[in-house]
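Scroll down for the structure; my scribbles are underneath it.
What you see below is based on every heavy atom in this structure, not just the backbone, and it leaves out hydrogens, waters and symmetry mates. Residue numbers begin at 1 in each chain, while the letters A, B, ... track the order of the sequences.
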There are 2 protein chains.
Amino acid sequence: MDHTVLHDLPLFNGFSSDELKDVIKKASLFRVEKGAYFYHQEDPADRAFVLLKGRVKLSQLTPDGQKIILRIAAPVQVFAIVAVLPAKEYPVSAEAIEDCEALSWSQNELQIISTAYPIFTSNAMDLMARYLQDFQTLFLQLATERVEQRLARILLRLHDLIGLDTEDGIFLDMPLTRQELAEMCGTTLSTVSRLLSSWEKNAIVRSGRAKVFIKDILALKAIADY
Amino acid sequence: MDHTVLHDLPLFNGFSSDELKDVIKKASLFRVEKGAYFYHQEDPADRAFVLLKGRVKLSQLTPDGQKIILRIAAPVQVFAIVAVLPAKEYPVSAEAIEDCEALSWSQNELQIISTAYPIFTSNAMDLMARYLQDFQTLFLQLATERVEQRLARILLRLHDLIGLDTEDGIFLDMPLTRQELAEMCGTTLSTVSRLLSSWEKNAIVRSGRAKVFIKDILALKAIADY
DNA sequence: TTTCTTCTTTGCGCTAGCACAAAGAAGAAA
DNA sequence: TTTCTTCTTTGTGCTAGCGCAAAGAAGAAA
């Protein structure tokens, strides 16, 4: 395994090449098929992951069975960093929405890494603080903005994460149903469908079955910030 | 200053009495008057606090001037733990809504404490993970529940935090306007007022100017979980 | 090919909650 | 006391978005 994959991750900020090699040696490679889960909400949080291939959907279920999607992870990103802490549970479920490969460390191994490389702990904490801040922003948006704006923001975020230039516009490179978009912005399938339809009429997006292309990113930004 | 005030804080889990004394010696005492601020959103995050007296409102402003209240802090609680990390900004503003006293450590002092007592770092991380989880729960509720349920939950949380038994029911011991309740659950003043009025008719709460008493906590719980 | 499943569109009715505003109540200040 | 400020209640009208459902489209499977 090539250690350079970890090189640009904030979590391994300040690690030398040799140190990264050491860290990688401790990792296991996980393969998870499309539709299967890395872990479920409330499982004991005993492994952290770095996604190398595929897409992971991090989602949470309400007591009454509603689902919201909190994050889409793409290569090369860390998820389940909560596993650095002892005796925690995973706060979300992690589903592979494409065939995935990920490096993974057990809590023990993370413990060893923390001890050997003190900066790792502070990197991990920094990462958490960043999540916390991101969440606050999302929370604020959910509390104060209309569905239209929130959907536009989601598409923009996905654009940055997994946007792929094509002649049809920028393709959001993952299977993406109306239902899933609804779960990402706290609304319903039909509302998302209506919005996409109306945007398609204005040539802002083009969308097919579980597919979305962005045609006019400036218009989307205008909607998001309106 | 009596070191036992810190004794039950998760942040100082695993500290001996002597160690707590040492930690307290490094602290400064801050007094902040009602209406004044400990810090503002986006200030450099250079101090963490433990509130000893009063109430603190942690809130965030949207670009267009809407406000949401993310948390109310009461004695003895930690806030602004993000200051353990270098080069961060405060993600919220902290306003004293009563005359307050708080212990405070600068980033330097926090650094020294972390070095001297390694468990401190992991306690801090644990605390952050807890906030993260709390936020996810709030986020989920905001996305999936009606205003009525969310307001009931807020009152229940305030009950646990600052509830005070009186003959008129359980008094939520802080100045608490309809406007503020609205900012806590992402709705409007008028909606909160209507809900409280209707609850008052059913003897679930009693409320006056900037005052709320809970009369029937079971009924509130039923509303929250309906 | 035909059949099935999953996903999408769209219509229709409805309602939770917003926006705005006017009037009243409770304190604080003078 | 009177005056001012802040907070609350309540009415009215409106609309964004939900819930439900039927029909259609796109693939997948057989």
If you look only at distance, which donor and acceptor atoms sit under 3.5 Å apart when one is on a side chain in residues 182-197 of chain A and the other is two or more places apart or in another chain?
from   : atom 1 : to     : atom 2 : distance (Å)
A:E183 : OE2    : A:Q179 : NE2    : 3.0
A:T188 : OG1    : A:T191 : N      : 3.4
A:T188 : OG1    : A:T191 : OG1    : 3.0
A:S197 : OG     : A:S193 : O      : 3.0

Carboxylate-amine/guanidinium proximity below 4.0 Å for [X] and [Y]:
| X | Y | result |
| --- | --- | --- |
| B:D126 | B:R130 | yes |
| A:D225 | A:R153 | yes |
| B:E145 | B:R150 | no |
| A:R31 | A:E101 | yes |

Rounding to an integer number of Å, can you tell me how far [X] [atom1] sits from [N] [atom2]?
| X | N | atom1 | atom2 | value |
| --- | --- | --- | --- | --- |
| A:Q179 | C:dT9 | CD | P | 13 Å |
| B:R146 | C:dT15 | CZ | C1' | 11 Å |
| B:L189 | C:dA22 | CG | C1' | 14 Å |
| B:L142 | C:dG17 | CG | C1' | 14 Å |

Is A:R194 near enough to C:dT10 that one of its side-chain N or O atoms lies under 4.0 angstrom from OP1 or OP2?
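Negative; the distance criterion is not met.
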
Name the nucleic acid region contacted by [X], choosing base, sugar-phosphate or nothing; use a 4.0 angstrom heavy-atom cut-off, strictly under.
| X | value |
| --- | --- |
| B:L196 | nothing |
| B:T187 | sugar-phosphate |
| A:S193 | base |
| A:R178 | sugar-phosphate |

I'd like to know if the side chain of A:D168 pairs up with that of A:T166 as donor and acceptor (distance under 3.5 Å, no hydrogens or angles considered).
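Distance-only check fails for A:D168 and A:T166.
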
Where each pair must be Watson-Crick or G-U wobble with both distances under 3.5 Å, what dot-bracket representation of DNA chain D is obtained, with crossing pairs in [ ] and other-strand partners as |?
||||||||||||||||||||||||||||||

Along DNA chain C (nearest heavy atom to each residue), the more 5'-positioned of A:R209 and A:S190:
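By nearest-heavy-atom nucleotide position, the 5'-most residue is A:R209.
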
For the aromatic rings, using the six-membered ring if either is Trp, is the centroid distance between B:Y90 and B:Y39 under 6.0 Å?
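Yes.
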
Chain B contact limits on DNA chain D, taken 5' to 3' with a cut-off of 4.0 angstrom to heavy atoms
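The contacted stretch runs from D:dT6 to D:dT12.
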
Measure the acute angle between the ring planes of A:F38 and A:F49, then classify it against the limits of 30° and 60° as parallel, tilted or perpendicular.
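Aromatic pair A:F38/A:F49 classed perpendicular.
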
B:M128 CE to B:L85 CG distance, which is reported to the nearest 0.5 Å:
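The CE atom of B:M128 sits 4.5 Å away from the CG atom of B:L85.
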
